Amino acid sequence: MAVFTPVTLDDLSQWIKQFPLGKALALKGIASGIENSNFFLTTERGEYVLTIFENLSFEQLPFYVQLMRHLAERGIPVPAPVANDAGELVVALHGKPAAIVSKLDGSSQMDPQPVHCAEVGTILAKMHLAGRDFPLQQPNLRGLDWWVETVPKVLPFLDAETAALLQSELAFQREFAAGPTYAELERGPVHADLFRNNVMFVGERLSGCFDFYFAGWDTWLFDLAVTVNDWCIDLDTGRLDEARVVALTRAYHAVRQFTAADHAAWLPMLRAAALRFWLSRLYDYHRPREAEMLTPHDPTHFERVLRERIARGAPNLTA
Ligand SMILES: Nc1ncnc2c1ncn2[C@@H]1O[C@H](COP(=O)(O)OP(=O)(O)OP(=O)(O)O)[C@@H](O)[C@H]1O
Ligand SMILES: N[C@@H](CCO)C(=O)O
């Protein structure tokens, strides 16, 4: 379960008074998720989600919660943070940063079809465009610098062939990121973790996306690659399903047209997106963890995805 910091209704009775939400009526821990403690919170004003941030600091959080507010104000269906009477969106609870956000309708679609992928492509492109005038900047904290720093930490746990793949992919990505095509890619605040479990659907209609806590400044194409590498693949083999790739990328392109640099960078970015999650999963798997932490995600899944992209490439971005 994913409640690392227990909270009771009693704990909230005073604390909630700083928010314009009336009394807290019910509180229920949410079992899924591995990063934060999440609760469904019912108040006199309606249904919300209370998050206690286990790893992010008070300094890092404004970027994420302000981004959610910015996007929500522009009509993107993301959780809207609730400000307290002092206008603050992040407030201490049990000594840790906490926030209350609106609860989204719907449930995850874990067996997506092209129709769902098209919805995701549309919302991703709208999110990118809506982020263009977002004033705060924070790098993607799981970007290239983090990869360079983290690869040596996991190498000792890998056999020689796997270690060689990790090192050669990192070298490839460093070279690509230093080149002219990468420099031309458009960038801005991106979600960077828009997996199936972070999007809600009501039937075939996308009702919202959440979990912005890996968001950061990066290329729009990297965000698209992260999304395609989860939504449009066969989970057993890591292979891309062309019908879903076409549905997602066409819908994206209908809102935000691809550039020549996007076309040229598509395969390298799909590889970068696979490397990013292979590496974070390796790191989570091998680092010493606190007793109550959950079973980590399987790193070999994204190793397979990376090997697939290198061996088989990807369909061209729809023009
Ligand atoms: N605003 C929201 N509206 C409705 N449900 C939400 C909302 N935020 C979170 N949830 C629910 O809580 C669960 C856990 O949230 P979330 O994925 O943000 O946690 P996390 O610990 O950051 O997880 P991870 O990083 O592993 O995805 C989600 O799967 C979803 O069911
Ligand atoms: N989406 C990440 C988990 C963090 O949200 C993964 O699958 O490794």
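First listed ligand is number 1; within each ligand, the first listed atom is number 1. Because the structure is a prediction, the values reported are computed rather than measured. The first residue of the sequence shown is numbered 1, and numbering continues consecutively from there.
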- Note on the structure: Within 4.0 Å of some non-hydrogen atom of K103, the atoms of ligand 1 are 3 (N), 4 (C)
- Task: Grab the two heavy atoms, one from W147 and one from L279, that are nearest each other, plus how far apart they are.
- Result: CA-CD2, 3.4 Å
- Message: Heavy atoms only: which of D193, I100, D211 lies closest to atom 16 (P) of ligand 1?
- Response: D211
- Interfacing atoms of ligand 1 (cut-off 4.0 Å, heavy-atom, N198): 17 (O), 27 (O)
- Task: Consider ligand 2: state whether an atom of it lies below 4.0 angstrom from any non-hydrogen atom of Y213.
- Result: no
- Geometric class of the F19/W15 ring pair [parallel <30°, tilted 30-60°, perpendicular >60°]: tilted
- Query: Would R307 and E161 pass as an ion pair if we require N to O under 4.0 Å?
  - Reply: yes
- salt_bridge(R142, D218) N-O dist < 4.0 Å: no
- Quick one: does D193 get an N or O within less than 3.5 Å of an N or O on ligand 2? yes
- Message: Strictly below 4.0 Å, N to O, side chains only: are E303 and R281 in salt-bridge contact?
- Response: no
- Task: For ligand 2, find out whether one of its N or O atoms is nearer than 3.5 Å to an N or O atom of S280.
- Result: no
- Note on the structure: Logged contact type for F195 with ligand 1, heavy-atom cut-off 4.0 Å, is neither
- Report the nearest protein non-hydrogen atom to atom 7 (O) of ligand 2: residue, atom name, distance rounded to 0.1 Å. R281 NH2, 2.7 Å
- Item | Any N or O of I30 closer than 3.5 Å to N or O of ligand 1 | no
- Message: So if I count the atoms of ligand 1 from 1 in the order they appear, which ones are less than 4.0 Å from some heavy atom of M200?
- Response: 4 (C), 5 (N)
- Pull out every atom of ligand 1 sitting under 4.0 Å from any heavy atom of F40, numbered as shown with elements. 5 (N)
- Task: Could you tell me how the ring of F176 sits relative to the ring of Y182: parallel (under 30°), tilted (30 to 60°) or perpendicular (over 60°)?
- Result: perpendicular
- Could you tell me whether ligand 1 has any atom less than 4.0 Å away from a heavy atom of S102? yes
- Query: Can D133 and R74 be counted as an ion pair, charged N to O under 4.0 angstrom?
  - Reply: yes
- Considering the heavy atoms of F214, write down every atom of ligand 2 situated less than 4.0 Å from one of them. 4 (C), 5 (O)
- Message: Need the ligand 2 atom indices (1-based, order shown) with element for anything under 4.0 Å from a heavy-atom of F277.
- Response: 1 (N), 2 (C), 6 (C), 8 (O)
- Task: Give the contacting part of N36 toward ligand 1: side chain, backbone, both or neither, where contact means a heavy-atom distance below 4.0 Å.
- Result: both
- Note on the structure: Here the atoms of ligand 2 under 4.0 Å from any heavy atom belonging to H297 are 3 (C), 6 (C), 7 (O), 8 (O)
- Message: Between E54 and K96 (salt bridge meaning N to carboxylate O under 4.0 Å), is one present in this structure?
- Response: yes
- Please work out whether any backbone atom (N, CA, C, O) or any side-chain heavy atom from C-beta onward of N38 is under 4.0 Å from ligand 1, and answer side chain, backbone, both or neither. side chain
- Query: With a cut-off of 4.0 Å, which atoms of ligand 1 are near a heavy atom of P79?
  - Reply: 1 (N)
- Task: Decide, yes or no, whether a salt bridge links R196 with D230 under the criterion of side-chain N to carboxylate O below 4.0 Å.
- Result: yes
- Using 30° and 60° as the class limits, which term best fits the ring planes of F258 and H253: parallel, tilted or perpendicular? parallel
- Message: Treating S37 as the side-chain partner and T5 as the backbone partner, does any N or O pair qualify as donor plus acceptor under 3.5 Å?
- Response: yes
- Item | F195: numbered ligand 2 atoms lying under 4.0 Å from its heavy atoms | 1 (N), 6 (C), 7 (O)
- Item | Given F210, F63, Y213, the one that forms side chain to side chain contact (heavy atoms under 4.5 Å, CB included) with M68 | Y213
- Message: Would Y213 count as a contact residue for ligand 1, given that I'm defining contact as a non-hydrogen atom of the residue lying under 4.0 Å from a ligand atom?
- Response: no
